[in-house]
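Remember, predicted model here, so these are calculated numbers, not experimental data. Chain identifiers are assigned alphabetically (A, B, ...) following the order of the sequence lines, protein sequences preceding nucleic acid strands; residue numbering begins at 1 within each chain.
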Amino acid sequence: MKELPKVYDPKSVEKKIYDMWVDNGCFKGVRDPEKKPFTIVMPPPNVTGQLHMGHAMDAALQDILIRFKRMQGYAALWLPGVDHAGIATQIKVEEELRKEGLTRYDLGREKFLERVWDWKQKYGDRIVEQQKQLGASCDWDRARFTMDEGCSKAVREVFVNLYEKGLIYKGSRIINWCPHCVTALSDAEVEYQDKPGHLWHLKYPVVGEDGRYVIVATSRPETMLGDSGVAVNPNDERYQDLIGKTCMLPIMNREIPIVADEYVDMEFGTGCVKMTPAHDPNDFEVGMRHNLEIIRVLDDNGKVNELGGKYQGLDRYEARKAIVNELDEMGLLEKIEEHAHNVGTCYRCHNDVEPIISAQWFVKMKPLAEEAIRVVKEGETKFVPERFTTTYLNWMENVRDWCISRQLWWGHQIPAWYCAECGHVTVSRDDATECEKCHSKNITRDEDVLDTWFSSALWPFETLGWPENTEDLDYFYPTDVLVTGYDIIFFWVARMIFSGCEQMKKTPFHTVLIHGLVRDGKGRKMSKSLGNGIDPLEMIDQFGSDALRFNLVTGNSPGNDMRFYTERCEAMRNFANKIWNASRFVMMNLSIDKCELPEKLEAEDKWIISKFNRVAQEVTENMEKYELGIAAQKVYDFIWDAYCDWYIELTKTRLQGDDDESKIGAQKVLCWVLTETLKLLHPFMPFLTEEIWQALPHEGDFLITSAWPVYNPEYDFAQEEAEMECIMSAISAVRTIRSEKNVPPSKKPHLYVETDKVEAFESGIPFLKKLAYASEVTVSAATPENAGEMVAAITTDAKLYMPLAELLDVAKEIERINKELKKAQTDYDRINGKLSNEGFLAKAPEQVVAAEREKAAKLNALIENLTQSIKNLEAIG
RNA sequence: GGACGAUUAGCUCAGCUGGUAGAGCAUUCGCUUGACGUGCGAAGGGUCACAGGUUCGAGUCCUGUAUCGUCCACCA
């Protein structure tokens with residue numbers, strides 16, 4: 001048998017194993033009419049840099065699911081890819097350029113895009129390399145990029161399609177504008193932060209009433225340059241007489257109307273509101289109702305433009321100071337209040353966002369949202385955990401039109417051409433060469449690109465070949481599970497759902513598995529600026545990919561944030577090593593070349609097999625519920641507690657003994673249980689398990705493609721299991737006593753039991769034999785004479801005398817089993833109650849009723865077993 | 001303003017459909033010649049945030065309160 005090193009060394013294994021899988025096409029998603037498909041599309045990481053811990057978790061969860069399904073016999077496809085990440089990438093490349101003293105304008109659009117493509121090449125490859133180190137079993141041949149030819153075609157198709165349906169339009173609206181990135185942002189791309197600020201109360205003289213002013217409050221005084229009105233509430237008695245009058249806008253000396261609108265809150269401030277329709281969404285609405293002039297006074301860089309009079313050219317914050325000063329000098333500054341303000345900031349650069357009127361492209365959301373709401377309400381797409389359904393529905397039900405144009409260069413350029421002759425807008429699937437209305441050649445293409453999420457929204461079907469009608473699309477769509485963090489439910493998940501519903505007429509996935517964020521040890525978000533990020537690759541380097549993966553999926557519940565502790569990684573590395581050494585032990589003792597169960601099973605064999613059988617079922621159930629953490633924990637406990645700490649110990653004397661049948665039997669069971677357990681563990685720790693599996697006798701080529709263990713009723717040995725538990729508690733009792741009496745472990749305590757009881761034991765349960773197996777004690781009968789002295793006396797040569805009852809703690813054991821019995825009985829009664837309930841029988845689906853019947857039968861059997869155990873114990877006690 | 005989550009051992013967190021509290025790390029004690037010291041055996045440590053309610057029985061279900069956190073909306 002192969003010699004394995006004493007300590008598991010992930011580095012020498014992982015690369016080798018991964019290449020083996022790739023070389024043998026183990027990750028390939030192959031259309032097979034005999035099999036059911038199982039598809040996961042990977043949330044494409046941004047090309048902006050390298051993967052962080054969040055990506056590692058995301059990838060681990062998906063890989064676990066896909067490996068599980070692959071082993072269950074599905075045609076599993078995990079489709080990877082990378083996102084071009086519009087703003088984010090463009091900013092990165094511009095930063096790079098700045099170091100060379102250049103801006104994108106110096107290069108021009110074409111040259112600049114070449115630079116970005118270079119960047120994409122470099123970082124895209126790096127990301128793939130990192131994912132491979134994590135063990136991601138993606139079908140790399142199908143890897144996609146959101147700006148590759150196919151995706152571009154899909155984007156173009158959807159844009160034109162929606163435009164033709166009237167669901168995409170161009171219009172002037174107040175949008176969120178980032179003066180730093182110099183582009184429009186969608187609502188979702190704005191992050192609000194509470195910042196301390198001020199409320200300036202300004203006095204506008206009322207025209208024709210000398211000495212009378214309206215006092216308006218504002219947090220952005222610089223916008224007053226663009227004011228075109230003042231509004232009061234129509235029910236506000238204080239200002240009834242002002243309605244219809246005008247006031248004089250200071251500095252600009254513009255006469256502006258005072259209008260009445262319900263929008264104004266009488267309670268807040270003075271009850272008078274200055275109206276700047278070009279720079280505030282609410283003012284815009286009011287302005288529309290009252291035909292107020294729209295005067296945009298800030299340019300794209302956040303500076304005052306030519307309509308700002310003498311302040312032209314000043315930055316918005318400089319202008320603010322200057323304007324406040326001037327108003328103060330004019331005696332028109334009533335007061336300044338402290339006021340905490342909720343300021344919108346750009347999610348990329350975190351500069352304050354400026355609401356600005358601008359002509360942009362929008363997706364009309366209401367009609368699209370309807371179906372997206374329906375599929376979730378009717379459960380065609382389910383969120384796990386369920387609570388995110390509310391988050392989703394809330395957003396979707398209140399969704400506003402989606403601003404999709406961005407003033408960037410990196411992205412899908414909008415397929416719209418403007419005619420210089422007739423002004424017609426041509427929107428076309430192919431690049432237009434003439435105006436479709438007047439056929440003029442004098443057309444120019446819209447400079448803007450689409451929001452990066454526009455292409456991400458099509459990800460589940462564009463990656464499968466849409467808009468072509470491919471076989472892949474037919475076979476693998478809709479996909480099954482989408483795994484992602486809650487932070488992009490709005491950005492991405494919601495948009496994929498309505499896009500899938502609209503273009504494919506089918507929701508893109510039946511389950512959305514939401515996970516939390518990975519935070520640092522103090523609960524802070526990992527970020528570059530804080531420098532508290534932990535690099536997954538460093539963890540892999542130190543502890544191995546398997547350990548990192550196991551760490552990331554255990555110890556937290558779905559949808560909740562987790563704190564990352566290096567110590568936990570270490571603990572998982574130790575677990576990997578434990579398995580490694582247990583396997584080493586098994587292999588050292590192996591003289592068989594086929595892994596199968598023996599005919600004759602000892603009590604402990606049945607115990608471990610029966611336990612394994614149940615664990616396999618529990619693991620499967622939890623995997624199917626997406627409770628991956630619980631599933632992993634169960635495998636962990638089984639391996640460490642049951643297999644290593646008990647079963648291996650119990651087989652040691654058999655393996656070294658002379659009884660060949662028993663010896664081979666032990667080998668076979670050790671080997672079989674280990675092999676099957678490796679399967680359960682494989683999705684979580686793919687490298688380690690495959691490496692060991694390859695070294696064990698096996699059928700088939702790879703663990704990764706072996707068959708997932710299924711529950712087998714033949715392996716259900718409830719009776720033996722219960723007996724074995726009894727023996728184990730006795731062994732524990734010996735250990736405790738030995739420890740209390742300070743018996744050196746080199747000495748094997750000699751255990752004397754009362755003569756008449758020895759027989760009872762041997763005939764009842766093979767208790768003594770097992771104790772001897774476990775090398776715990778030597779057992780012999782005591783003479784009736786010294787039986788009385790046996791109470792916990794100990795001699796110098798480490799002979800242990802103890803009464804039987806204490807050893808087994810019969811009373812305690814009976815109590816324990818009684819409790820279990822009681823619980824089983826209650827459960828049994830409850831289920832029986834259900835089963836005699838006519839309503840339940842009539843209404844519940846057949847499978848549920850059958851499942852309940854099965855449960856009842858099992859419980860009944862368990863009750864019988866437990867009753868028998870108690871009888872046995874009572875005979876002894 | 002609305003919604004959601006958290007509150008359990010010194011720390012980080014599990015705990016499914018209600019049945020005498022669990023893990024990892026940390027602490028203390030005891031164990032080394034054969035799978036593993038990246039190990040083994042033990043021990044200490046918790047009125048499960050608080051107050052009510054349902055129940056034979058509540059960490060678990062219901063109501064309310066407090067503290068922390070997140071998201072959404074937003075009044076100039």
**Polar side-chain atom of A:T345 near backbone of A:E191 as donor-acceptor pair, under 3.5 Å** = yes
**Asked** How far, in whole Å, is B:rU54 from B:rG64 if one measures between their C1' atoms?
**Response** 15 Å
**Message:** Could you check whether A:R568 and A:T554, counting side-chain N and O atoms only, form a donor-acceptor pair closer than 3.5 Å?
**Reply:** yes
**Sugar-phosphate, base or nothing in reach of A:S557, heavy atoms under 4.0 Å** = sugar-phosphate
**Prompt:** Do the side chain of A:Q667 and the main chain of A:S591 share a donor and acceptor less than 3.5 angstrom apart?
**Reply:** yes
**Prompt:** Is there a Watson-Crick or G-U wobble partner for B:rA23 with both distances under 3.5 Å, and if so, which one is it?
**Reply:** B:rU12
**Message:** Between B:rA6 and B:rC61, how many Å separate the two P atoms, rounded to a whole number?
**Reply:** 10 Å
**Prompt:** Under 3.5 Å, is there an N or O donor on one side and an acceptor on the other linking the side chain of A:E627 and the base of B:rA14?
**Reply:** no
**Request:** Using only heavy-atom distances, decide whether a donor-acceptor pair under 3.5 angstrom links the side-chain of A:R573 to the base of B:rU38.
**Result:** yes
**Item:** B:rA14 phosphate, OP1 or OP2, under 4.0 Å from A:N560 side-chain N/O
**Value:** yes
**Request:** Answer yes or no: does a side-chain N or O of A:W395 lie under 4.0 Å from OP1 or OP2 of B:rC4?
**Result:** no
**Request:** Using the P atom on both, measure B:rG22 against B:rG44 and round to a whole Å.
**Result:** 13 Å
**Asked** Watson-Crick or G-U wobble partner for B:rC71, using a 3.5 Å limit on both distances?
**Response** B:rG2
**Prompt:** Taking the C1' atom of each, how far is B:rU20 from B:rG24, in whole Å?
**Reply:** 24 Å
**Message:** Please report the distance separating the P of B:rG18 from the corresponding atom of B:rU60, rounded so that it comes out in whole Å.
**Reply:** 12 Å
**Message:** Suppose we define a pair by two distances each less than 3.5 Å, Watson-Crick or G-U wobble; what does B:rG34 pair with here?
**Reply:** none
**Prompt:** Under 4.0 Å: is that the gap between some side-chain N or O of A:R568 and OP1 or OP2 of B:rG24?
**Reply:** no
**Prompt:** How about A:Y347 and A:F491: are their ring centroids closer than 6.0 Å?
**Reply:** yes
**Message:** Looking at A:H201, I'd like to know whether one of its side-chain N or O atoms comes within less than 4.0 Å of OP1 or OP2 on B:rA76.
**Reply:** no
**Prompt:** How would you label the contact of A:H279 with the nucleic acid (heavy atoms, under 4.0 Å): base, sugar-phosphate, or nothing?
**Reply:** nothing
**Same-atom distance (P) from B:rU8 to B:rA14, integer angstrom** = 11 Å
**Message:** Main chain of A:P355, side chain of A:N176: is a donor-acceptor contact present, judged purely on distance under 3.5 Å?
**Reply:** no
**Request:** Please work out if A:F388 contacts a base, only the sugar-phosphate, or nothing of the nucleic acid, heavy-atom cut-off 4.0 Å.
**Result:** nothing
**Candidates B:rC40, B:rA35, B:rU70 - which lies nearest the side chain of A:M588** = B:rA35
**Message:** Applying the Watson-Crick and G-U wobble criteria at under 3.5 Å, what pairs with B:rG18? Answer none if nothing qualifies.
**Reply:** none
**Request:** Check every strand shown and say whether A:C272 touches a base, only sugar-phosphate, or nothing at a heavy-atom separation below 4.0 Å.
**Result:** nothing
**Message:** Any base atoms under 4.0 Å from A:A582, or only sugar-phosphate, or nothing? Heavy atoms, all strands.
**Reply:** base
**Item:** Pair A:K377 + A:E397: basic N to acidic O under 4.0 Å
**Value:** yes
**Message:** Of the options B:rA14, B:rC36, B:rA76, whose atoms approach the side-chain atoms of A:N577 most closely?
**Reply:** B:rC36
**Prompt:** So what does A:W200 hit on the nucleic acid, given a heavy-atom distance under 4.0 Å: a base, only sugar-phosphate, or nothing?
**Reply:** nothing
**Request:** Any strand is fair game: report the nucleotide pairing with B:rU54 by Watson-Crick or G-U wobble, both distances under 3.5 Å, or none.
**Result:** none
**Item:** Strand partner of B:rA66, provided both Watson-Crick or wobble distances fall under 3.5 Å
**Value:** B:rU7
**Asked** Is A:K578 side chain donor-acceptor paired with the B:rC36 base, going by distance under 3.5 Å alone?
**Response** yes
**Prompt:** Quick one: is B:rU70 close enough that its OP1 or OP2 comes under 4.0 Å of any side-chain N or O from A:K525?
**Reply:** no
**Message:** Measuring to OP1 and OP2 of B:rC72, would you say a side-chain N or O of A:N398 lies under 4.0 angstrom away?
**Reply:** no
**Request:** Would you please confirm or rule out a distance under 4.0 Å between OP1 or OP2 of B:rC71 and any side-chain N or O of A:T391?
**Result:** no
**Complete:** Using Watson-Crick geometry (N1-N3 plus N6-O4 or O6-N4) or G-U wobble (N1-O2, O6-N3), each under 3.5 Å, B:rC48 is paired with none
**Asked** Paired with B:rA42: which nucleotide, if any, by Watson-Crick or G-U wobble criteria at under 3.5 Å for both distances?
**Response** B:rU28
